[in-house]
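For the numbers below, each heavy atom of this structure counts, side chains included, while hydrogens, waters and symmetry mates do not. Just follow the structure's listing: the first ligand is 1, and inside any ligand the first atom is 1.
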Amino acid sequence: MKKIAVFTSGGDSPGMNACLRAVVRTGIRNDLEVFGIMEGYKGMIAGEFRQMDTQSVSNIIQRGGTILKSARCKAFITKEGRKKAYLQLKKVGIDGIVAIGGDGTFTGADIFMKEYPDIKIVGCPGTIDNDLYGTDFTIGFDTAVNTAMDAIDRIKDTANSHNRLFFVEVMGRDVGYIALRSGIATGAEAVLLPERHTDYDRLITEIEKNYRLKNRSIIVVVAEGDEMGGALKVAKTVGKKFKELDIRVSILGHIQRGGRPTALERVNASWMGMEAVKALLEGDKGVMIGMVNNKVKRTTFEKAIKNKKTMNPYLVELAHLLA
Ligand code: ATP
């Protein structure tokens with residue numbers, strides 16, 4: 001292997017820069033030429049490649065977002081699109097690729113490698129949702145949880161001053177990892193998750209007990225994919241039951257995607273980036289590098305995409321027990 005490329009794809013997440021920095025530097029220190037592909041598969045098809053040197057990734061470890069930019073690319077889903085991408089890679093002489101992205105990115109990479117087996121692809125899990133099997137943490141997750149925690153702490157201050165009932169919506173259309181951890185970390189009275197049936201009666205009892213009778217503020221953290229339909233809908237439903245309550249909704253939205261990555265994020269993302277290049281140098285391909293029990297672990301793309309990650313039941317218990 002002489003030339004490798006790296007790209008970021010799908011939704012951006014804090015820590016992607018740390019990961020690509022590690023890929024570039026590990027590659028160069030192992031005598032590889034390293035290219036950055038702009039805007040994921042879109043740039044691959046368009047031939048938007050930039051040769052990277054160690055300086056090109058200086059001063060980015062602390063920055064959110066991705067200097068290579070990210071994009072969603074419909075053309076790569078077609079055979080013709082992938083052929084164009086292959087020809088562009090061949091023109092530069094690229095033999096190996098590190099793809100930083102989520103399950104869609106790995107699905108595309110898997111299909112591509114079956115069509116063009118001479119190009120080896122290894123993945124690093126870049127998504128704030130933490131929804132990939134084969135890793136305890138995806139790149140961006142820890143920062144998103146900390147951002148949500150910080151925002152909920154602030155909301156809690158004002159909720160306490162006015163004895164308000166707040167429904168705070170955090171990101172997580174299909175999975176509730178951000179909601180669960182930020183809910184535990186902020187001492188939320190309830191956490192509503194897409195993976196679990198929402199116990200509406202329990203929620204009502206909790207509100208009755210704490211808010212109406214003791215005149216206390218309440219924070220309910222709602223993952224956007226909760227079965228009741230997100231914070232606005234939950235607030236509306238609960239509002240019908242408690243007409244006199246001062247109910248507020250706060251949707252945290254895209255602030256959870258940005259910001260300086262946490263120390264844990266920077267370290268894990270760097271470690272996974274280094275391991276991805278090592279995997280390519282060893283001739284491995286079609287694997288995602290994950291972090292399992294504080295060690296790097298390789299899982300095939302197929303497993304990472306198809307297998308469902310199970311939510312830690314102890315954390316769910318903890319959220320209920322301490323609420
Ligand atoms: P996130 O979890 O943040 O959404 P992701 O990697 O899952 O990240 P997607 O938009 O689903 O984000 O996928 C990124 C890109 O991967 C798509 O824009 C597309 O170019 C490519 N891709 C996704 N699915 C396929 C597929 N079935 N075949 C080929 N390419 C695909």
Contact table, ligand 1 N/O with protein N/O, distance under 3.5 Å:
{"residue": "ligand 1", "atom": "3 (O)", "partner": "G11", "partner atom": "N", "Å": "3.0"}
{"residue": "ligand 1", "atom": "4 (O)", "partner": "R72", "partner atom": "NH1", "Å": "3.1"}
{"residue": "ligand 1", "atom": "6 (O)", "partner": "G102", "partner atom": "N", "Å": "2.9"}
{"residue": "ligand 1", "atom": "6 (O)", "partner": "G102", "partner atom": "O", "Å": "3.4"}
{"residue": "ligand 1", "atom": "6 (O)", "partner": "T105", "partner atom": "N", "Å": "3.0"}
{"residue": "ligand 1", "atom": "6 (O)", "partner": "T105", "partner atom": "OG1", "Å": "2.5"}
{"residue": "ligand 1", "atom": "7 (O)", "partner": "D103", "partner atom": "N", "Å": "3.4"}
{"residue": "ligand 1", "atom": "7 (O)", "partner": "D103", "partner atom": "OD1", "Å": "2.8"}
{"residue": "ligand 1", "atom": "7 (O)", "partner": "G104", "partner atom": "N", "Å": "2.9"}
{"residue": "ligand 1", "atom": "10 (O)", "partner": "R72", "partner atom": "NH1", "Å": "2.6"}
{"residue": "ligand 1", "atom": "12 (O)", "partner": "R72", "partner atom": "NH1", "Å": "3.0"}
{"residue": "ligand 1", "atom": "16 (O)", "partner": "G104", "partner atom": "O", "Å": "3.4"}
{"residue": "ligand 1", "atom": "18 (O)", "partner": "C73", "partner atom": "N", "Å": "2.7"}
{"residue": "ligand 1", "atom": "20 (O)", "partner": "C73", "partner atom": "O", "Å": "2.6"}
{"residue": "ligand 1", "atom": "22 (N)", "partner": "G104", "partner atom": "O", "Å": "3.3"}

Pairs of donor and acceptor atoms involving the side chains of residues 315-323, under 3.5 Å and at least two apart or interchain, shall be tabulated with distances.
{"residue": "H320", "atom": "ND1", "partner": "R202", "partner atom": "NH1", "Å": "3.4"}

Below 3.5 Å, can you tabulate the donor-acceptor pairs from side chains in residues 96-113 to any protein atom, sequence neighbours excluded?
{"residue": "T105", "atom": "OG1", "partner": "S9", "partner atom": "OG", "Å": "2.8"}
{"residue": "T107", "atom": "OG1", "partner": "D103", "partner atom": "O", "Å": "2.7"}
{"residue": "D110", "atom": "OD2", "partner": "K114", "partner atom": "NZ", "Å": "3.3"}

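Cation-pi contact between K309 and Y177: present, with separation from the ring centre below 6.0 Å and deviation from the ring axis of at most 45°.
Between the side chain of T26 and the main chain of V23, no donor-acceptor pair closer than 3.5 Å is present.
Placement of I61 and M274 in two distinct hydrophobic clusters is found when ILVMFWY residues are connected by side-chain heavy-atom separations under 4.5 Å, directly or transitively.
The stretch residues 27-43 participates, sequence neighbours left out, in these side chain to side chain donor-acceptor pair (under 3.5 Å) pairs: E33-Q51, E39-K42.
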